[in-house]
There are 2 protein chains.
Amino acid sequence: MKPKISDVAKVAGVSPTTVSRVLNNRGYIGEKTRKKVEEAMKQLNYFPNDVARSLFIKKTFLIGVIFPTTTNPFYGQLIFHIENIAASLGYKILLCNSQGQEDKERSYLRMLQRNQVDGIIAGAHNRGVKEYDIPTLPVVGVDRYLSGNIPVVSSDNYDGGRQATQLLINKGCENIIHINGPILLETPANLRRKAYEDVMRDNQLTPITYETEGNNQAVIKQLFDENPQVDSIFASDDLIASAVMREAKIRKRNIPSDFKVIGYDGTETTRLLLPELSTIQQPIREIAEKTIEILIKEINEEGDSQMETILPVRLIEGETT
Amino acid sequence: MKPKISDVAKVAGVSPTTVSRVLNNRGYIGEKTRKKVEEAMKQLNYFPNDVARSLFIKKTFLIGVIFPTTTNPFYGQLIFHIENIAASLGYKILLCNSQGQEDKERSYLRMLQRNQVDGIIAGAHNRGVKEYDIPTLPVVGVDRYLSGNIPVVSSDNYDGGRQATQLLINKGCENIIHINGPILLETPANLRRKAYEDVMRDNQLTPITYETEGNNQAVIKQLFDENPQVDSIFASDDLIASAVMREAKIRKRNIPSDFKVIGYDGTETTRLLLPELSTIQQPIREIAEKTIEILIKEINEEGDSQMETILPVRLIEGETT
DNA sequence: TTGTAGGCGTTATCAC
DNA sequence: GTGATAACGCCTACAA
């Protein structure tokens, strides 16, 4: 069986208390005793039991992280940074892939509470999960409004939408169509669309928005069929932009001379696989940093964190505009 | 404060034991009592404390998962499936991004032991981490040999390498170069290279292999400079293949007529962003399933799981060959 | 059918 | 400096 503190104590010829003291560097310990204890620990290959410790100190150093799926490069990269930064601060990540399903999200939420996580970072796409209002548990949202009193961190979606649309207009486009995922009023990402519509109207152009669940090639085909005059597309993420490019090629539209595309996210993976794509790059690392900073402040009850944090985006001009 | 079993008991007017019985559906409980208890739980918004429970039953239903980074689409997708399947079996995932650094991997290993995980799934790229030999802790490796008595799950890397090389030969290529990440003898992925070399020799062709750390455009440039006669490349992953394609375009090599490329992995993301790329697709979902199946067998001490599991790969012919 | 007592491994408190 | 004791929240004998 796994050795426990009392086993170490026995071997070292001291009391459990003393072993605990050595472990946590607390109180006064004689140098010889410390040596003895440390040797006993090594000899038994002792590891402290954090479950027992957590039970006592009522803190787990666990953070629950709920996103749709690590398969998506944006979330994959975001979660990487979250885990990485959390680890450097002594926190560990309990990973939850909600797949955008409300019921899963709810059951993850229960699971996380049962596991006594110190806090939760949530960036799933569901609306209406009221369970986030957990009085005793700090929660921070990423790119998503969860509830009135939960802080949200996001990048500047409005400015991103504005820059993307403006770029296409500057390049002479007039029939710009926006295509995005399901429109959720609760998400700041919806601001991309609002910015697009505002900029279009400001330029006496008619905004047209298509919605697609995930990567729906059919919607894109339909878009082209219904709008033969379309000369450019602002896609709400790079995956959709890629699908648009594919369809454009099928229709023998020459990019960028004849047809332009700009995406959104600018993840590492997209930059590697599709470097020619123009895109609005989100500051993923900074989002992760800020999110954790706020969460840990809440955990430590250093309150007063701002309710909404907006980080700047960056336009990357590739060869598709 | 969070309510505990005794709080529920007080409200329901019963003893803590009875509440525990209702919670776990164990032993005989009167219907009225059960109702009372359930109502008390609802009223107090009670959640069982899994930390305390884990301490008692000596089981956490936690699985530690160590991979280089969720940013990489292959690992992102693999981890998604692992988490997903684990969740359906009542297990939770503690996520660790080792970034291919031995020291991080070692410290994650310590962390996981302290947290009393029931098992570990590891697929990082390090060699020489002897700490995996933990007598009391089940470990399963993915695409990687960890130690003599740790089961490994991987796809058929030899066959994948064979198919890729053979395809290029069938298409008339003669100057095929293989390019991959750092060559680690311990990893089954190295078999891709061996297969490439075997097939080349079987066809009286000279194998040439280049190594690159991550996505090193410089190595690829060098490869082209040193081998102007190269007519095709078998890349050990799709990211590298993409970089090769980029360089080929810069050098005005026409794909596929003048120059061919085949990659490896065939993740969802790659298929979306670079659908034209020919590749060897790994059965990621199946790898996850098999890995968890074996791990849970080990956890339940139903021993006798096979030490090496090899899953079939699938050739996807795109437009780059 | 329900209740009491003890322990899971750790740490804080208070003696010595 | 070091040790005994109680408690964290839960679960399983055993008793009633």
Side-chain angles (χ1 to χ4, degrees), chain A residues 1-38 40-41 44-62 110-118 136-137, chain B residues 1-38 40-41 44-62 110-118 136-137:
Chain A
M1 264 341 308
K2 290 177 197 154
K4 44 192 175 190
I5 271 195
S6 61
D7 295 324
V8 177
K10 226 168 278 172
V11 171
V14 297
S15 81
T17 312
T18 305
V19 177
S20 175
R21 282 210 186 83
V22 173
L23 226 41
N24 300 291
N25 251 323
R26 231 188 297 283
Y28 297 96
I29 322 139
E31 258 322 301
K32 293 167 226 158
T33 336
R34 150 168 279 135
K35 272 266 170 339
K36 269 195 303 183
V37 171
E38 276 167 353
M41 295 199 302
L44 293 175
N45 193 245
Y46 170 78
F47 280 86
N49 183 331
D50 274 353
V51 172
R53 170 178 282 167
S54 291
L55 177 60
F56 188 87
I57 66 177
K58 289 169 180 293
K59 170 148 185 161
T60 56
F61 289 95
L62 240 33
R110 277 196 301 275
M111 181 276 274
L112 294 174
Q113 285 184 263
R114 296 169 56 124
N115 280 275
Q116 312 297 120
V117 296
D118 292 340
T136 52
L137 190 52
Chain B
M1 263 340 309
K2 289 177 197 153
K4 44 192 175 190
I5 271 193
S6 62
D7 296 323
V8 177
K10 226 168 279 170
V11 170
V14 297
S15 80
T17 313
T18 305
V19 178
S20 174
R21 283 210 185 83
V22 173
L23 227 42
N24 300 293
N25 252 321
R26 230 188 295 285
Y28 297 97
I29 323 139
E31 258 321 302
K32 296 167 225 157
T33 335
R34 151 168 279 137
K35 273 266 171 336
K36 270 195 300 184
V37 170
E38 275 167 354
M41 295 199 302
L44 294 175
N45 194 246
Y46 170 78
F47 280 84
N49 183 329
D50 274 353
V51 171
R53 171 179 282 166
S54 291
L55 177 59
F56 186 85
I57 65 177
K58 290 171 182 287
K59 167 145 186 162
T60 55
F61 289 94
L62 241 33
R110 276 195 301 275
M111 181 275 274
L112 294 175
Q113 284 184 264
R114 296 170 57 125
N115 281 276
Q116 313 297 118
V117 296
D118 292 340
T136 52
L137 190 53

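What's counted below: heavy atoms across the whole structure, side chains too, no hydrogens, waters or symmetry copies.
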(Q) Mind checking if Val51(A) touches a base, just sugar-phosphate, or nothing, with heavy atoms under 4.0 Å? (A) nothing

Q | Annotated protein contacts, base or backbone, on nucleotides 10-16 of chain D with a non-hydrogen cut-off under 4.0 Å, one of B, S, - each | A | SBSB---

Q | More than 12 heavy atoms from other groups under 6.0 Å of NZ on Lys59(B) | A | yes

Side chains of [X] and [Y] in contact at under 4.5 Å (non-hydrogen atoms):
X: Met41(B); Y: Glu38(B); answer: yes
X: Leu137(A); Y: Val117(A); answer: yes
X: Asn24(A); Y: Arg53(A); answer: yes

Q) Does anything in residues 1-18 of chain A pair up under side chain to side chain donor-acceptor pair (under 3.5 Å), and if so which pairs, sequence neighbours excluded? A) Ser15(A)-Thr18(A)

Q) Which residue lies toward the 5' end of DNA chain C, Leu55(B) or Ile29(B), if each is placed at its nearest nucleotide? A) Ile29(B)

Q: Test Leu62(A) against Gln116(A) for side-chain contact (heavy atoms from CB on, under 4.5 Å), laying out the working first.
A: CA-CA 8 Å; Leu62(A) 240 33; Gln116(A) 312 297 120; over 6 Å; no

Q: Please find the earliest and latest nucleotides of DNA chain C, in the 5' to 3' direction, that have an atom within less than 4.0 Å of any heavy atom of chain B.
A: dT1(C) to dG9(C)

Q: State whether Glu31(A) and Arg34(A) are salt-bridged, where the test is any N-O pair (Lys NZ or Arg NE/NH1/NH2 against Asp/Glu carboxylate O) under 4.0 Å.
A: yes

(Q) Run the side-chain contact (heavy atoms from CB on, under 4.5 Å) test on Ile5(B) and Leu23(B) for me, step by step, so that the C-alpha distance in whole Å, both residues' side-chain angles and the decisive distance to 0.1 Å come before the verdict. (A) CA-CA 10 Å; Ile5(B) 271 193; Leu23(B) 227 42; 4.0 Å; yes

(Q) Output the rounded distance in Å from CE (Met1(B)) to C1' (dG9(D)). (A) 12 Å

